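The structure presented is a predicted model; accordingly, all values stated were derived computationally and were not measured. Order of the sequence lines sets the chain letters (A, B, ...), proteins ahead of strands, with each chain counted from 1.
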Amino acid sequence: MKQAVQSDKPQRMQSNAVQNNQELPVDYYLINFQQLIHFVLEAYDDLLSADEKSFAGDFLALSAPARMLYVRLLCRKHNAFRLDKLQYSEIGNLNDASAELESAGFVILNPLFSVDQASRLFTKPELIQHIQSHAEFSRGSPESPRISGLKQLKRDELENIWQSMQSPVTDVLKKSESGVRDQALDQAWLRSIDPQQENLCGTALVDISKIATTVVVNRSEHFDVFRLCFFGNLYQDMTDFVLRDLGLMRYESYVIDQNNRPFETRKQLIAHLDYFRISAVVSGVNELTTNDILVVEALLPESTDNHLERRLDRLRIAFARQLERLDEFEHAEKLYNKCTRAPARERRVRMLMKQEQWQSAFALCQDVLNCVVSDEEAQILSGLAARIARKCDIPFADPWAYKPPLEHAKLINAGDSVEQQAAEHYRQCGSCFYTENTLIDGVFGLAFWDVIFAPVRGAFFNPFQVGPADFHQLEFSLLRRDLIDEKFHQLEQPGELKRQVDLFFQQKQGIVNPMVNWRYLSEELLQLAIDRIPVVDWLAIFRRFLLDTRSNRSGLPDLIVFPDKPSMDGCRYRLVEVKGPGDSLQKNQIRWMRFFAEQGIDHAVCHVSWSDEKSPDHE
DNA sequence: GTTTGTGCGG
DNA sequence: TTCACACCATCGG
DNA sequence: GATGGTGTGTCTCCGCACAAACAT
Ligand SMILES: [Mn+2]
Ligand SMILES: [Mn+2]
C-alpha cells in the first residue's frame with residue numbers, strides 16, 4: 001500500500017494554508033494593472049521618458065473593453081494570438097476592442113509573420129487541413145501519397161510541410177512596417193546584431209490573414225519599464241497581485257517610503273533594463289560561440305549599483321566559463337578580470353593550473369588569499385594553493401582543511417531517501433528531524449524578524465517583497481548595526497530568545513520571510529530546538545548568518561538529533577550530515593562543520609552503507 | 001483511451 | 001528566477 | 001579525491017482545459 005504522497009525532502013507539515021476564498025471583481029486584472037501604472041507614474045515621474053509617459057496616457061484614454069483586452073494579452077506568455085480563438089466574455093466584443101487597440105497602436109492586426117511564427121498559431125488538425133486543401137488545390141502534384149499519413153507525423157514535421165507551402169511576401173516595405181518581434185527568434189537576433197554574421201533580413205514573411213485573423217501585442221516594451229520600476233526586477237509580474245488578493249501569498253506589512261526607489265536615475269534604470277533584456281536573450285550560455293559572447297559582452301551596461309554589479313559579474317563569469325570550454329583562455333581571462341566577485345579569481349587560478357603555470361598559479365592564490373571576498377573563496381583558494389604547493393614542493397598548510405568526526409551506519413535499504421532512513425536509525429536513542437537548513441534558518445528568521453523588516457532606507461519599495469532589497473548584500477548587517485547589536489543584547493537575556501521566537505511564530509504565521517519556510521517549521525520541533533540548543537550556540541550561529549546571509553544560509557547538516565540521555569559531556573543535541581554511498585561533503589557543509597568544531601557544537605558525518613538484511617544498525 | 005506537458009486564470 | 005543537494009563520469013595520484 | 005556536468009525536487013498557488021504523443 002502506498003502512502004499518500006510522501007515527500008522525499010525534509011519533513012514537511014500539512015499545508016493548512018488559510019485561503020480566504022475572496023471573490024475578485026471581473027476586471028481585477030485591469031484594476032491591478034492601472035494601480036501599478038499609477039504608482040509608477042507618480043513615484044518615477046522624473047525617470048520616465050516621454051514615450052513611456054505617452055504609453056500610459058494613451059492607454060488610460062482607451063475604452064474599458066480595449067484596456068481590458070490589452071492587459072489580458074500583455075499578461076500572456078506569447079505575443080501573437082488568433083483573434084477568433086480568444087475567449088474573454090467579460091470584455092464583450094473583441095473585434096471592436098482590438099480595432100480600437102490597433103488604431104491607438106497597442107496591437108497590430110493581421111501582421112506579416114515569419115513562417116515559424118505563423119505555423120505556431122495553428123493546431124495540428126488545422127495544419128493537416130491546410131496541407132490537405134492546399135494539395136487538392138494544386139492537384140496532380142507528386143506529393144499526394146504523403147497526404148494520407150499526415151496524422152502520424154509529429155507536429156514539427158507538419159509545420160515544416162506547412163511552411164514549405166507558404167508563399168512569402170516579397171514587398172520589403174511592408175515587412176519593415178509590420179514590426180513583429182518573435183520571442184523565440186532571440187538567438188537569431190543575437191547573431192543579427194553582429195555585422196559579420198548573416199542577419200535576419202532574409203527571413204521569409206507570410207500573410208495569413210486569408211486563413212485566420214491574428215493580433216499581435218505592440219508597445220509592450222514600455223510596460224517592461226513600468227514593471228521594472230515597480231518591482232525592481234523583471235521576473236515578478238501581475239500574478240503577484242492575484243496571489244496576494246487570494247490570500248495565497250502573505251507579505252509583511254512593512255512601511256513603504258515614497259522616497260524609496262530601486263532606481264534613482266534614468267541611466268541606472270536603463271542599465272538594469274538592458275541587462276535584463278540581454279540576459280533573457282542569451283539564456284542558453286553554453287550554446288554560444290566565442291564570437292557571440294564577445295559581441296554580447298560588449299553590449300553589457302556599466303554597473304550602477306551592487307545589484308547590477310552582481311548580476312553582471314554572474315553573467316560575465318558564465319560567459320568566461322563557456323570561453324574556457326571553447327579553449328579561449330585569453331578571452332576568458334579578460335572577462336574574469338572585469339569581475340570582482342567569486343568565482344572569477346578561482347577560475348583564473350584553475351586556468352593557470354590547466355596550462356601548468358604552477359608558479360603564476362601559486363602567486364595568484366597568495367594574492368587572492370590576502371584579500372578574499374568570502375569564506376568560500378578563501379576555502380577554495382587555500383585548497384588550490386595546497387595542491388600546487390604539494391606539486392612544487394613548497395611548504396603550505398591549508399588553514400581550511402577540516403575532517404569532521406565520522407560515524408558509520410549499516411542499514412537495510414527500505415527505499416526511502418537515505419536521510420529519512422538515517423533519521424529513523426537515530427530515533428533509536430532520541431528524537432531526530434530531517435531539517436537540513438530549514439530549522440536553523442527559520443529560527444534566525446523568526447528571532448530577527450523585526451530587524452529583517454526594519455524600515456531601513458531603500459529597503460522596501462513595493463508591497464510584494466519577501467525581504468528587504470539588500471538582504472543578500474554584505475552591507476545588510478552594516479546598515480542595521482545598531483538594531484543588530486540591540487537584538488543580540490536582548491537575546492542574551494535568559495528566556496528572551498524563546499519568548500521572541502514564540503512571539504513571532506504566533507504573530508507572523510504564514511507571512512513570507514526570506515529565511516523562514518513555514519511548511520517545515522512545526523511548533524513541536526521549534527520548542528524542542530529552542531529548549532535543547534543553548535542560547536550561546538544560537539547566537540554564535542546567528543552571527544555567522546549575518547556575516548554572509550547569502551552563502552551561510554545553506555550547508556547545514558541534514559539531521560538534528562535530540563538524544564534521550566545527555567552524553568558524558570552534557571550534550572543535548574547534535575547535528576548530523578548523512579552521506580550515502582558515493583556522496584561526499586560539499587564545501588559549505590565543511591565550512592559549517594569547521595565552525596561547529598570551533599564553537600564546541602557536537603556534529604558528525606554519518607556514512608550509510610546498505611546491508612543485505614543480516615546485521616543492520618551497526619555503528 | 002490513455003498519459004503528459006503547457007498555459008491560463010483566479 | 002532560482003537554488004541546494006545528490007548523483008554520475010572522468011581522470012590522476 | 002577532485003572536478004565538471006547533469007538531474008531532482010522545490011521554489012510563490014493549484015485546478016483546469018487543451019493539445020500532443022503514446023498505447024500501459
Ligand atoms: Mn542534504
Ligand atoms: Mn547529506
Side-chain angles (χ1 to χ4, degrees), chain A residues 5 7-10 12 15 17-29 31-32 71-73 75-78 81 85-90 120 122-128 151-159 231 233-251 276 279-280 283 286 311 314 321 324-325 343 346-347 350 353-354 380 383-384 386-387 390-391 401 403 417-419 434 436-438 441 464-466 472 510-514 517-520 550-551 553-558 577-589:
Chain A
V5 194
S7 170
D8 213 29
K9 287 280 125 190
R12 202 158 113 162
S15 117
V18 200
Q19 299 183 18
N20 341 348
N21 271 328
Q22 297 195 7
E23 287 277 308
L24 265 39
V26 284
D27 58 345
Y28 72 90
Y29 51 92
I31 296 174
N32 294 338
V71 175
R72 279 297 198 197
L73 299 184
C75 290
R76 290 179 60 161
K77 177 158 190 193
H78 302 289
F81 307 91
K85 289 206 172 175
L86 294 175
Q87 280 203 322
Y88 294 116
S89 55
E90 81 280 4
R120 249 174 281 155
F122 300 99
T123 66
K124 216 175 133 178
E126 286 169 336
L127 290 173
I128 291 175
K151 277 194 185 119
Q152 270 66 262
L153 294 179
K154 289 213 213 151
R155 194 196 153 87
D156 283 353
E157 300 167 315
L158 275 172
E159 285 193 35
F231 289 113
N233 61 60
L234 276 183
Y235 50 80
Q236 285 181 285
D237 55 38
M238 302 306 297
T239 64
D240 289 65
F241 286 81
V242 180
L243 293 180
R244 178 197 57 182
D245 294 340
L246 290 176
L248 292 166
M249 181 82 36
R250 298 176 55 211
Y251 295 93
F276 278 110
S279 71
S283 48
N286 45 10
R311 286 170 175 152
R314 204 160 72 142
R321 193 71 190 74
E324 279 191 70
R325 288 186 204 100
E346 170 199 339
R347 294 308 319 176
R350 289 191 192 279
M353 291 170 72
K354 274 195 247 176
I380 291 174
L384 292 179
R387 263 178 45 200
R390 226 173 297 133
K391 188 139 209 145
K403 296 253 179 283
S417 76
V418 65
E419 293 89 352
Y434 174 26
E436 237 159 37
N437 307 309
T438 58
D441 282 7
F464 303 99
Q465 294 179 236
V466 297
H472 289 299
I511 297 178
V512 290
N513 174 308
N517 192 333
W518 289 100
R519 290 188 165 169
Y520 298 101
R550 183 188 293 276
S551 39
R553 61 178 301 155
S554 62
L556 287 154
D558 293 315
E577 170 58 33
V578 179
K579 287 300 170 195
D583 186 17
S584 50
L585 282 171
Q586 297 176 34
K587 292 260 188 295
N588 53 356
Q589 293 172 332

Using the C1' atoms only, state how far B:dT2 lies from D:dT12, rounded to an integer number of Å. 32 Å

Under the salt bridge (Lys or Arg N to Asp or Glu O under 4.0 Å) test, which residues partner A:Arg321, sequence neighbours left out? none

Looking for any heavy atom pair under 4.0 Å, which part of the strands does A:Tyr29 touch: base, sugar-phosphate only, or nothing? nothing

Taking atom C1' in both D:dG15 and C:dT1, what distance in whole Å separates the two? 24 Å

Which nucleotide in the list C:dA4, D:dT3, D:dA20 gets nearest to the side chain of A:Pro125? D:dA20

Can you list everything that forms a side chain to side chain contact (heavy atoms under 4.5 Å, CB included) with A:Arg387? Sequence neighbours excluded, please. A:Met353, A:Leu384, A:Arg390

Tell me, yes or no, whether the heavy-atom count around A:Lys85 atom NZ, taken from other residues, nucleotides or ligands under 6.0 Å, exceeds 12. yes

Are the side chains of A:Thr438 and A:Arg519 in contact, using a 4.5 Å heavy-atom criterion? no

ring-ring contact (aromatic ring centres under 6.0 Å, His included) partners for A:Tyr251, two or more places apart: A:Phe464

A:Glu436: which residues meet the salt bridge (Lys or Arg N to Asp or Glu O under 4.0 Å) condition with it, sequence neighbours left out? none

Touch check for A:Asn437, heavy atoms < 4.0 angstrom, all strands: base, sugar-phosphate only, or nothing? sugar-phosphate

Would you say A:Lys151 reaches D:dA21's phosphate, i.e. side-chain N/O to OP1/OP2 under 4.0 Å? no

Salt bridge (Lys or Arg N to Asp or Glu O under 4.0 Å) filter on A:Lys354, not counting sequence neighbours, yields A:Glu324

As a test of reading the structure: which of D:dG5, D:dT10, C:dC5 is closest to the side chain of A:Tyr520, going by heavy atoms? D:dT10

Roughly, in whole Å, what's the span from CG in A:Leu248 to C1' in D:dC13? 5 Å

Not counting sequence neighbours, which residues clear side-chain hydrogen bond (donor to acceptor under 3.5 Å, both in side chains) with A:Gln465? List them please. none

For atom CG of A:Asn513 and atom C1' of D:dC11, their distance in whole Å: 15 Å

Counting the atoms with a prime plus P, OP1 and OP2 as sugar-phosphate, which does A:Asn233 contact under 4.0 Å by heavy atoms, base, sugar-phosphate, or nothing? nothing

Remember a base hit wins even if backbone is also touched, and classify A:Tyr88 as base, sugar-phosphate or nothing at under 4.0 Å, heavy atoms. sugar-phosphate

All side chain to side chain contact (heavy atoms under 4.5 Å, CB included) counterparts of A:Asp156, not counting sequence neighbours: none

Tabulated below should be each protein N or O lying under 3.5 Å from an N or O of nucleotides 7-13 of chain C; please produce it.
none

Measure from the side-chain heavy atoms of A:Arg347 and tell me the nearest of D:dC11, C:dC5, D:dG4. D:dG4

Of the candidates C:dC3, D:dA20, D:dC13, the side chain of A:Arg314 sits closest to C:dC3

Pull out every protein N or O sitting under 3.5 Å from an N or O of nucleotides 15-18 of chain D, one pair per line with the distance.
none

According to salt bridge (Lys or Arg N to Asp or Glu O under 4.0 Å), who are the partners of A:Glu157, at least two apart in sequence or on a separate chain? none

Across the strands shown, which category fits A:Arg390 at heavy-atom distances under 4.0 angstrom: base, sugar-phosphate, nothing? nothing

What do the steps show when you test A:Thr239 against A:Met249 for side-chain contact (heavy atoms from CB on, under 4.5 Å), and what is the final call? CA-CA 11 Å; A:Thr239 64; A:Met249 181 82 36; over 6 Å; no

Name the nucleic acid region contacted by A:Gly383, choosing base, sugar-phosphate or nothing; use a 4.0 angstrom heavy-atom cut-off, strictly under. nothing

From the set D:dG4, C:dA6, D:dC13, return the single nucleotide nearest to any side-chain atom of A:Leu243. D:dC13

Can you identify which nucleotide, out of D:dT12, C:dC3, C:dT1, has its nearest atom closest to the A:Met249 side chain? D:dT12

Any residue meeting side-chain hydrogen bond (donor to acceptor under 3.5 Å, both in side chains) with A:Tyr88, in chain and number order, not counting sequence neighbours: A:Arg76

Beyond-backbone contact of A:Arg553 with A:His472, side-chain heavy atoms, under 4.5 angstrom: yes

Just how far, in rounded Å, is C1' of C:dT1 from CG of A:Asp237? 11 Å

Can you tell me, in whole Å, how much space there is between the C1' of B:dG10 and that of D:dG5? 40 Å

Rounding to an integer number of angstrom, what distance separates D:dC14 and D:dT10 when you compare their P atoms? 13 Å

If you find the nucleotide of DNA chain D closest to A:Val512 and the one closest to A:Asn286, which residue's nucleotide is nearer the 5' end? A:Asn286

Looking only at the side chain of A:Arg387 (C-beta and beyond, no hydrogens), which of the listed nucleotides D:dA21, D:dA2, D:dG5 gets closest? D:dA2

Do any side-chain nitrogens or oxygens of A:Gln589 fall under 4.0 Å of OP1 or OP2 in C:dA6? yes

Counting the atoms with a prime plus P, OP1 and OP2 as sugar-phosphate, which does A:Lys579 contact under 4.0 Å by heavy atoms, base, sugar-phosphate, or nothing? sugar-phosphate

Measuring only the C1' atom in each nucleotide, how far is B:dT3 from C:dA6? A whole number of Å is fine. 28 Å

Answer yes or no: is there a donor N or O on one side and an acceptor on the other, between the side chain of A:Asp583 and the main chain of A:Lys579, under 3.5 Å? no

In Watson-Crick or G-U wobble terms, both distances under 3.5 Å, what is the partner of D:dT10? none

Between P on D:dT12 and CZ on A:Arg244, what's the gap in Å once rounded to a whole number? 18 Å

At 4.0 Å (heavy atoms only), tell me whether A:Arg325 reaches a base, stays on the sugar-phosphate, or touches nothing. sugar-phosphate

Under 4.0 Å, heavy atoms only, any strand: does A:Leu127 hit a base, just the sugar-phosphate, or nothing? nothing

Going 5' to 3' on DNA chain B, which nucleotide is the first and which the last to come under 4.0 Å of a heavy atom in chain A? B:dG7 to B:dG10

Any base atoms under 4.0 Å from A:Gln236, or only sugar-phosphate, or nothing? Heavy atoms, all strands. nothing

